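See structure below.
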Number of protein chains: 2
Amino acid sequence: MAKTTFISWNVNGIRAVEKKAALKWIDEAEVDFLGLQEIKAEADQIPESIFERDYKFQSINSSSKKGQSGVALYTDVKGLAMCCEHVDILDEGRINEYHFGDIAYFNVYFPNGQRNEERLAYKLAFYDRFLAHINELRSQGRSIVVCGDVNTAHRSIDLARPKANEDTSGFLPVERAWMDRLIENGYIDTFRHVHGDIEERYSWWSYRAGARSRNVGWRIDYFFVSDDLKGKIVDADILDDVMGSDHCPVKLVLDI
Amino acid sequence: MAKTTFISWNVNGIRAVEKKAALKWIDEAEVDFLGLQEIKAEADQIPESIFERDYKFQSINSSSKKGQSGVALYTDVKGLAMCCEHVDILDEGRINEYHFGDIAYFNVYFPNGQRNEERLAYKLAFYDRFLAHINELRSQGRSIVVCGDVNTAHRSIDLARPKANEDTSGFLPVERAWMDRLIENGYIDTFRHVHGDIEERYSWWSYRAGARSRNVGWRIDYFFVSDDLKGKIVDADILDDVMGSDHCPVKLVLDI
DNA sequence: CATACGATG
DNA sequence: CATCCTATG
């Protein structure tokens with residue numbers, strides 16, 4: 001396959017993005033794997049041709065709660081779409097798991113923990129279940145690619161206002177500790193791998209108070225790969241010129 | 001006072017209408033009494049200056065249910081705003097009652113009966129209570145002016161599709177019978193008084209299927225006056241060129 | 001079809 | 001601030 005391009009984007013409503021014609025750039029981007037989060041729609045609510053091109057395979061995982069979360073995976077690479085119910089135990093439409101070749105590819109919308117303590121606990125338990133799951137697959141010899149909205153900024157350089165958000169879910173020590181653990185378990189934050197400690201690169205901005213124009217943002221959208229894929233990382237980037245959502249897309253190119 | 005202009009308009013959300021700048025025409029229209037229905041807002045949710053001019057007196061009656069119904073009255077004529085709780089017993093923000101001179105003026109958003117049988121029964125009971133109330137005032141020697149969204153087309157010429165709507169609340173025999181009774185009780189449908197049996201003049205069109213552009217509408221917004229005011233009717237009209245709501249305004253000019 | 005709400009982020 | 005929900009019309 002050689003160079004393989006992955007895109008991950010939290011669209012905050014696929015129908016809204018479609019109306020804004022904000023998906024057009026994907027048609028020209030030569031994307032091999034497209035993972036969308038927060039589609040906020042059932043499969044039959046997604047407009048017919050949101051893309052000019054037709055992807056041969058698609059996997060839509062909608063939430064049991066209408067109009068909330070939901071993820072969608074589009075690709076031309078034949079593979080096996082798995083359900084991942086033992087991680088997404090509330091059936092909130094948070095995971096596409098797709099196996100192709102030796103790779104298990106995950107498109108994930110991790111829970112937001114800001115609503116209350118219960119949701120924070122759910123997020124942390126989800127984190128744990130997810131890590132156990134990919135570790136299990138890895139122990140079986142699979143390589144892992146994970147993209148999505150992790151809903152946590154890892155380090156101080158991953159958000160514009162670290163001090164002000166030390167008590168905010170999304171930058172809590174306990175959440176950041178899980179990301180440390182993810183990395184200790186052998187998963188690479190591909191953006192940091194390529195760009196080192198570059199600052200002021202974010203993937204989400206609040207709609208409020210013109211945060212995006214002032215670049216008061218957070219880097220909460222990631223591509224992680226298992227370290228056996230380290231030598232295959234060609235590029236990783238944040239596409240912060242793409243508008244249409246409160247998140248921008250992130251990108252990974254692997255030579256596989 | 002001489003010529004006195006009354007305007008009645010179901011705005012279907014005063015904030016939406018304000019955003020569309022669809023209230024500007026009122027500033028130039030020299031309106032003495034303005035009655036709005038379905039404002040769908042609390043008093044403090046109504047933008048500061050929806051009109052260029054300031055009315056000296058205003059009376060806002062919002063529903064106990066947020067974002068539903070609600071009526072507003074604007075005038076420079078000093079009078080007495082009454083609450084009319086014994087008619088609007090569910091506190092749905094349906095009536096402005098305003099006494100000035102010998103006149104009791106009512107701005108009313110009559111209930112819609114389409115939701116279910118219970119609401120239809122409520123509408124009919126509201127009709128009865130309202131008629132009893134104005135009859136009582138009349139027996140005390142007051143003249144009556146009633147404007148608003150009656151939510152019923154009186155006769156076949158008052159809607160584009162009478163046959164198709166014989167079983168639809170808004171044109172049911174029992175609803176039409178109440179309007180007959182209103183007239184028998186000595187209240188004049190001022191539009192008919194001025195224009196006779198003119199056809200295809202409506203004040204409401206469904207938003208669906210381009211009904212307004214095809215003039216598939218209903219005349220459900222009225223000005224009634226007690227027959228002692230008959231000789232004072234100067235004009236009555238339907239302002240169907242005013243856009244901004246699914247209803248258009250209706251107008252009455254009295255020489256009082 | 002359109003305007004409100006409330007939940008969620 | 002924005003997207004989606006449901007209720008209401």
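Every value quoted in this text rests on a predicted model; they were computed, and no experiment measured them. Proteins get letters first, then strands, A, B, ... in listed order; numbering begins at 1 in each. Hydrogens, waters and symmetry mates play no part in the numbers below; they use all other heavy atoms, side chains included.
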Would A/Asn96 and A/Phe106 count as a side-chain contact (heavy atoms from CB on, under 4.5 Å) here? Give the steps. CA-CA 6 Å; A/Asn96 293 127; A/Phe106 290 87; over 6 Å; no

Considering every strand and a 4.0 Å limit on heavy-atom distances, what is the contact class for A/Gln114: base, sugar-phosphate, or nothing? nothing

Which is true for A/Gln37 with a 4.0 Å heavy-atom rule: it touches a base, it touches only sugar-phosphate, or it touches nothing? nothing

Do the numbers put A/Arg53 on top of the ring of A/Tyr55, so that NZ or CZ is under 6.0 Å from the six-membered ring centre and no more than 45° off the axis? yes

Give a yes or no on whether B/Lys19 atom NZ has more than 12 heavy-atom contacts from other residues, nucleotides or ligands under 6.0 Å away. no

Any side-chain heavy-atom pair from A/Phe171 and A/Leu159 closer than 4.5 angstrom? yes

Using side-chain heavy atoms (C-beta onward) and a distance below 4.5 Å, is A/Val87 in contact with A/Ile95? yes

[X] [atom1] to [N] [atom2], straight-line distance once rounded to whole Å:
X        : N     : atom1 : atom2 : value
A/Glu92  : D/dC4 : CD    : P     : 18 Å
A/His247 : D/dT3 : NE2   : P     : 13 Å
A/Arg208 : D/dT3 : CZ    : C1'   : 13 Å
A/Trp204 : D/dC1 : CH2   : C1'   : 11 Å
A/Glu42  : D/dC5 : CD    : C1'   : 12 Å
B/Asn10  : D/dG9 : CG    : P     : 11 Å
B/Lys40  : D/dT8 : NZ    : C1'   : 6 Å
B/Tyr207 : D/dG9 : OH    : C1'   : 10 Å

Is the ring centre of A/Phe110 less than 6.0 Å from the ring centre of A/Phe126? yes

Taking only side-chain nitrogens and oxygens of A/Lys20, does any of them come within less than 4.0 Å of OP1 or OP2 of D/dT3? yes

Any idea how B/Trp178 and B/Tyr127 line up, ring-wise: parallel (<30°), tilted (30 to 60°), or perpendicular (>60°)? parallel

So A/Trp204 and A/Trp218, would you call those rings parallel, tilted or perpendicular, with 30° and 60° as cut-offs? perpendicular

For the pair A/Lys40 (side chain) and A/Ala16 (backbone), establish whether a donor and an acceptor sit closer than 3.5 Å, ignoring hydrogens and angles. no

Identify the 5'-most and 3'-most nucleotides of DNA chain C with at least one atom closer than 4.0 Å to a non-hydrogen atom of chain B. C/dC1 to C/dC5

Residues from residues 59-68 of chain B lying under 4.0 Å of DNA chain C - heavy atoms: B/Lys66, B/Gly67

